[in-house]
Amino acid sequence: MKQPLALRFDRIVKENLPKRKKMMEVLRDSALSAELFNKKGFGLKSILDLTGRITDFKGIYGFIENDKLVYIDESSYVIRRIIRQFKGTSKYQKKLANTMVELHSAERPFYSISDALNAMAEMNIIFMDLPDDLERQITTLYLQCQFECIYNRFD
């Protein structure tokens with residue numbers, strides 16, 4: 001039997017959020033090069049093999065630049081989502097690159113999607129499993145705020 005929503009929410013906030021923040025900090029030491037997700041001929045199966053996973057998973061992922069988490073998001077298919085951040089065809093699929101272009105356009109008017117993708121490839125990526133939809137969404141927002149991720153926009 002599922003807990004009532006209010007009790008689930010309270011448990012997530014009181015017990016799990018601090019643990020998830022600590023876990024993200026610990027995961028920094030085992031970050032993968034984002035370049036792997038952009039590598040030609042390197043797709044879902046290659047990355048799953050590299051990470052020792054059999055299938056894609058629900059969870060949270062973060063991009064690290066200069067040892068700082070700069071972007072955190074969630075997905076029902078984390079590895080596929082990260083690959084699409086690089087190889088996607090729509091503005092939504094390349095959400096981080098498009099956000100970077102928007103933020104840098106004032107200081108660098110000719111900063112392009114290609115420039116953003118190159119910068120992203122220089123970053124590192126961490127991710128964690130988080131199958132519960134409610135907890136994943138609450139945790140994502142909490143971590144974005146706690147780490148003051150510069151590429152997560154709230155306007």
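In this structure, the side chains of Asn124 and Phe63 stay at 4.5 Å or more apart for every pair of heavy atoms. Looking at heavy atoms from C-beta onward, Lys87 lies out of side-chain contact with Phe37 at the 4.5 angstrom threshold. Two residues are said to be in side-chain contact when any heavy atoms from C-beta on lie closer than 4.5 Å; Arg84 and Tyr92 fail this criterion. Side-chain contact between Glu65 and Tyr151 is present, with at least one heavy-atom pair separated by less than 4.5 Å. Met24 has its side chain within reach of Ile72: a pair of non-hydrogen atoms, C-beta onward, lies under 4.5 Å apart. In this structure the side chain of Ile64 never reaches within 4.5 angstrom of the side chain of Val70, judged on heavy atoms. Side-chain contact check for Arg20 versus Glu135: some heavy-atom pair is nearer than 4.5 Å. Contact of the Leu103 side chain with the Arg153 side chain is registered, since non-hydrogen atoms from C-beta on lie closer than 4.5 Å.
Here the CD1 atom belonging to Ile79 is positioned 10.5 Å from the CG atom belonging to Leu36, to the nearest 0.5 angstrom. In this structure, Ile138 CD1 and Leu143 CG are separated by 11.5 Å, a value rounded to the nearest 0.5 Å. Atom CG in Leu96 sits 11.5 Å away from atom NZ in Lys94 (nearest 0.5 Å).
When all heavy atoms of Ala119 and Met100 are compared, the closest pair comes out as CB-CE, 3.7 Å. Contact record, Ala121 with Ser33: O-OG, 4.3 Å, taken as the closest heavy-atom pair.
Follow the hydrophobic side-chain contacts under 4.5 Å out from Ile150 and you reach Leu117 in the same cluster. Cluster annotation: Met123 is connected to Ile47 through the hydrophobic network of ILVMFWY side chains, with a link wherever side-chain heavy atoms come within less than 4.5 Å. Both Leu5 and Leu130 belong to a single network of hydrophobic side chains, linked directly or stepwise wherever heavy atoms of I, L, V, M, F, W or Y lie under 4.5 Å apart. Linking Ile, Leu, Val, Met, Phe, Trp and Tyr residues whenever their side-chain heavy atoms come within less than 4.5 Å leaves Val26 and Tyr142 in two separate clusters. Using a 4.5 Å cut-off between side-chain heavy atoms of Ile, Leu, Val, Met, Phe, Trp and Tyr, with links allowed through other members, Leu141 and Met23 fall into different hydrophobic clusters.
In terms of modelled atom types and a separation under 3.5 Å, the side chain of Lys68 and the main chain of Phe147 share a donor-acceptor contact. Without hydrogens or angle criteria, Asp115 side chain to Ser112 main chain gives a donor-acceptor distance under 3.5 Å. With hydrogens and angles disregarded, no donor-acceptor distance shorter than 3.5 Å links the side chain of Asn98 to the backbone of Ile113. Panel note: side chain Asp56, backbone Val78; a donor-acceptor pair is recorded below 3.5 Å. Side-chain N or O atoms of Arg81 include one that pairs as donor or acceptor with a backbone N or O of Gln93 at under 3.5 Å.
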Handout entry: side chain to side chain contact (heavy atoms under 4.5 Å, CB included) evaluation trace for Gln144 with Thr140
Key = CA-CA 6 Å; Gln144 289 169 344; Thr140 300; 3.5 Å; yes
Handout entry: Derivation and outcome, ring-ring contact (aromatic ring centres under 6.0 Å, His included), residues Phe57 and Tyr77
Key = CA-CA 5 Å; Phe57 58 96; Tyr77 300 97; 9.7 Å; no
Problem - side chain to side chain contact (heavy atoms under 4.5 Å, CB included) evaluation trace for Leu48 with Ile54 - result: CA-CA 6 Å; Leu48 289 174; Ile54 297 169; over 6 Å; no
Exercise for the section: Would you check, one step at a time, whether the test side chain to side chain contact (heavy atoms under 4.5 Å, CB included) holds for Asp129 with Arg53? Expected result: CA-CA 11 Å; Asp129 294 50; Arg53 294 177 178 273; 2.8 Å; yes
Problem - Full working for side chain to side chain contact (heavy atoms under 4.5 Å, CB included) between Leu32 and Phe127 - result: CA-CA 9 Å; Leu32 291 174; Phe127 42 81; 3.9 Å; yes
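Taking 4.0 Å as the cut-off between side-chain N and carboxylate O, Lys58 and Asp133 count as a salt-bridged pair. Salt bridge annotation for Arg136-Asp73: absent, with no cationic side-chain nitrogen under 4.0 angstrom from a carboxylate oxygen. The existence of a salt bridge linking Arg8 and Asp132 is confirmed by a sub-4.0 Å separation between a basic side-chain nitrogen and an acidic carboxylate oxygen.
In summary, the side chains of Gln85 and Tyr61 do present a donor paired with an acceptor at a separation below 3.5 Å, with no hydrogens or angles considered. Side chains of Ser46 and Asp49: a donor-acceptor N/O pair is absent below 3.5 angstrom, by distance only.
A 6.0 Å sphere centred on CG of Leu7 holds more than 12 heavy atoms belonging to other residues, nucleotides or ligands. More than 12 heavy-atom neighbours from other residues, nucleotides or ligands sit within 6.0 angstrom of CD on Glu107. Within 6.0 Å of atom NZ in Lys39, 12 or fewer heavy atoms from other residues, nucleotides or ligands are found, so the atom counts as exposed in its surroundings. Under a cut-off of 6.0 angstrom, the local environment of CD in Glu25 is crowded, with over 12 non-hydrogen atoms contributed by other residues, nucleotides or ligands.
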